[in-house]
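One structure below.
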Amino acid sequence: MAKEITGREENYSQWYNDIVKKAGLAENSAVRGCMVIKPYGYAIWEKMRDQLDKMFKETGHVNAYFPLFVPKSLFEAEEKNAEGFAKECAVVTHYRLKNDPDQPGKLMIDPEAKLEEELVVRPTSEAIIWNTYRDWIQSYRDLPILINQWANVVRWEMRTRPFLRTAEFLWQEGHTAHASKEEAIHEARQMHDVYATFAEDFMAMPVIKGFKTESERFAGADDTFTIEALMQDGKALQAGTSHFLGQNFAKAFDVTFSNDKNENEYVWATSWGVSTRLIGGLIMTHSDDEGLVLPPKLAPIQVVIVPIPKPDEALIEKAQEIADSLKALGISVKIDTDETKRPGFKFAEYEMKGVPVRLGLGKRDLENKTIEVARRDTKEKMSIEIDNIVPYVEQLLIDIQTNLFNRAKNYRDNHITQVENFDQFKDVIENKGGFVLAHWDGTPETEDKIKEETKATIRCIPIDAPEEHGVCVYSGRPSNKKVLFAKAY
RNA sequence: CGGGGCGUAGCGCAGUCCGGUUAGCGCACCUGGUUUGGGACCAGGGGGUCGCAGGUUCGAAUCCUGCCGCCCCGACCA
């Protein structure tokens, strides 16, 4: 029994915090709103990062690194972008401290060391990057530029939650430059697809692909593509966005190129990002009241072998043999050789940490030539012939990955509700939760009103939303497609 | 920034209203022993400027004043 995790029914928010803490993913730090990502949590991020990085490279991108600081004058160049982020910027104003003459042992900001120009700690890097691209781009032959960076950014949010919203977070941001609008849109959509594939195939987290409405769009974008996932409490999570930036940044930073007719044109841009927020999504998609549940493809430890009742030479030897065979197939295995903890404790511990497969190997097993297999997703246990264990586990990991996706997708699909009027709308948002598909008249005013009255926002206009004539659930005005609403993180 | 709550051992808390021996409990930790197929048990032990600074008092974790920090709920947001 997981005696330390708050149940989801009892307090979902507390459940989430308990998992983050008890599974050893992260903890609060001395800095308001900033978390310490612990080794196990960071290992998950590394798995995500490695896979995404591979996918970016397969689509022709390269990595680079730009500065953490953005001079205020550059930051404010693209007005909408600046305005959108202004309220949450950390700003560096001085570059030196000195001893405080009034308080021995204390430091104070040295007023002599005020910066000529304040530096904004990047909340996103379009400004510094496009200021750089101006110097890199002269001709259409310099295009496209397909760069990604792995970085930290800072957004001084008022309320923070581990992984879901922290003042500093880790992410990747792709920033591409193109000679044509079509090519830039194609790029933005391609990365949108990459994110969806990553979410579904690796995180086993089903997502809905769509466009953001104007009011939900990235500040400075002409179009924002999003992937939206559904969490177990019925709230939506924006899991990744890809933006078509038009020529907004090229105009703000005067980035032009000569086309093949020797005419000067502004460069077309995209940017796209996913962050450590994905870990929050991963937790809330699969985990249960016993702890974290990880999809095998992202689990730092895929298989743990627990010697029962405690490690001895014969058990370790057999465990090592199995581990070696599994490792040869690219499966990550840990043998728990800790002699100070009993098996029951270890079982609970690995369940808490979401290890997909646990093998219990005891003396009785050695005699019977069997081994106990426990899968984390269903909590089933079975006894398997030890000679067949390697192919069995190999297949089981695939099955668990599939099962997690199907389970999440079932839940998600059962929580997409089509409604025809506002009473239904409110009822579903209030009582059932999840996504609501409803007609919308296309105006920001209606969007605002609905948000005010229900807390639900338009998560996206689904990319595959069929044309169907109807009337807006709120205003009664005509609409030609249904859009996706939900309360969101 | 509004509304609530809280700072006492690494963690979680009691004690504070109504001041008074040596500040206590659970978990964790250390030592020894017995255990061991789902979070073992017994015995012993170590660990505290009671958030900080003043004040009242013979005496302050407890009362007063000021400050600092954190958490939760809202507005803002990936």
Side-chain angles (χ1 to χ4, degrees), chain A residues 1-6 11-14 16-18 21-22 27-34 83-89 103 106 123-124 152-173 195 212 215-219 221 224 226-229 236-243 271-281 290-291 306-312 315 338-353 358-368 370-372 374 379 381 383 451-452 455 457 459 487-489:
Chain A
M1 276 289 105
K3 60 181 174 186
E4 297 176 56
I5 295 182
T6 307
N11 183 341
Y12 189 82
S13 186
Q14 191 56 49
Y16 176 81
N17 289 337
D18 283 352
K21 200 166 166 182
K22 305 277 164 51
E27 62 188 35
N28 284 330
S29 72
V31 189
R32 193 207 73 103
C34 296
E83 203 188 303
F85 285 103
K87 286 172 294 181
E88 51 196 56
C89 286
Q103 297 185 72
K106 303 279 187 185
T124 182
N152 58 339
V153 288
V154 170
R155 297 183 187 175
W156 215 260
E157 303 286 356
M158 300 196 163
R159 279 196 61 209
T160 58
R161 302 191 64 191
F163 293 112
L164 295 171
R165 180 170 300 107
T166 46
E168 179 192 7
F169 56 93
L170 304 182
W171 77 343
Q172 59 70 217
E173 45 181 331
Y195 287 158
K212 285 293 186 187
S215 54
E216 295 278 333
R217 208 173 273 164
F218 177 76
T224 288
T226 179
I227 53 172
E228 298 286 327
L237 184 77
Q238 178 176 310
T241 47
S242 177
H243 316 292
S271 69
W272 28 275
V274 294
S275 71
T276 36
R277 168 178 260 203
L278 288 178
I279 295 175
E290 272 75 50
V306 180
I308 299 168
K310 65 176 181 183
D312 68 29
L315 290 172
D338 188 344
E339 296 186 20
T340 66
K341 298 192 170 57
R342 299 167 53 158
F345 182 90
K346 293 178 179 178
F347 295 168
E349 191 73 7
Y350 291 114
E351 277 158 18
M352 187 94 81
K353 292 190 154 246
R358 184 184 74 235
L359 301 179
L361 184 63
K363 293 178 176 174
R364 281 204 310 255
D365 291 308
L366 284 189
E367 287 161 18
N368 303 334
T370 59
I371 188 163
E372 184 186 77
K379 311 261 333 249
K381 290 196 287 197
S383 188
K451 181 179 180 182
E452 227 170 81
K455 300 262 169 73
T457 51
R459 301 322 304 152
K487 286 190 197 168
Y489 273 95

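Below, chain A is the first sequence line, B the second, and so on; all start at residue 1.
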From the options [options], select the nucleotide whose nearest atom is closest to the side chain of [X].
X: A/K455; options: B/C71, B/A75, B/C72; result: B/A75
X: A/A348; options: B/A75, B/G37, B/G38; result: B/G38
X: A/D365; options: B/G38, B/U36, B/G37; result: B/G37

Exercise for review: Mind checking ring pair (Phe, Tyr, Trp, His ring centres under 6.0 Å) for A/Y12 and listing every partner two or more places apart, or none if nothing turns up?
Suggested key: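 If we apply the ring pair (Phe, Tyr, Trp, His ring centres under 6.0 Å) test to A/Y12, skipping adjacent residues, the hits are A/W15.
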Point to revise | Which residues share a ring pair (Phe, Tyr, Trp, His ring centres under 6.0 Å) with A/Y195, sequence neighbours left out | key: none
Roughly how far apart, to the nearest Å, are [N] and [M] at atom [atom1]?
N: B/A53; M: B/U8; atom1: P; result: 15 Å
N: B/C29; M: B/U65; atom1: C1'; result: 40 Å
N: B/A60; M: B/U21; atom1: P; result: 12 Å
N: B/G24; M: B/C70; atom1: P; result: 31 Å
N: B/C63; M: B/U16; atom1: C1'; result: 10 Å
N: B/C42; M: B/C25; atom1: P; result: 16 Å

Check your understanding: Do you know which two heavy atoms are closest between A/I308 and A/L315, and how far apart they sit?
Key ->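 Distance-wise, the nearest heavy atoms are O-CD1, 3.5 Å.
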Point to revise | Residues in side chain to side chain contact (heavy atoms under 4.5 Å, CB included) contact with A/R342, at least two apart in sequence or another chain | key: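 Result, side chain to side chain contact (heavy atoms under 4.5 Å, CB included) vs A/R342: none returned.
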Point to revise | Under-3.5 Å donor-acceptor pair between A/E372 side chain and B/G37 base | key: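 No, no donor-acceptor pair under 3.5 Å.
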**Study point:** Donor-acceptor pair (no angle test) under 3.5 Å: A/E351 side chain, B/G38 base
**Key:** yes
For [X], answer base if it contacts any base atom (sugar-phosphate contacts may also be present), sugar-phosphate if it contacts only those atoms, and nothing otherwise; contact means non-hydrogen atoms under 4.0 Å.
X: A/R161; value: nothing
X: A/L237; value: nothing
X: A/F169; value: base
X: A/T166; value: base
X: A/E157; value: base
X: A/K346; value: nothing

Point to revise | Residue pair A/H243 / A/K212, side-chain heavy-atom distance below 4.5 Å | key: no
Check your understanding: Do we see a donor-acceptor contact under 3.5 Å between the side chains of A/S13 and A/N11?
Key -> no
Practice item. Take the protein atom CD of A/E452 and the nucleotide atom P of B/G74, then report the distance between them rounded to whole Å. Key: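 My rounded result for the distance is 16 Å.
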Check your understanding: A/E173: what forms a salt bridge (Lys or Arg N to Asp or Glu O under 4.0 Å) with it, not counting sequence neighbours?
Key -> none
Exercise for review: Mind checking side chain to side chain donor-acceptor pair (under 3.5 Å) for A/T276 and listing every partner two or more places apart, or none if nothing turns up?
Suggested key: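 None.
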Distances under 3.5 Å only, N/O to N/O: pair up the protein atoms with those of nucleotides 40-43 of chain B.
| unit_1 | atom_1 | unit_2 | atom_2 | d |
| --- | --- | --- | --- | --- |
| B/A40 | OP2 | A/R342 | NE | 3.4 |
| B/A40 | O4' | A/R342 | NH1 | 2.8 |
| B/A40 | N9 | A/R342 | NH1 | 2.7 |

Practice item. Between A/K310 and A/F163, just flag the one whose closest nucleotide in RNA chain B comes earlier from the 5' side. Key: A/K310
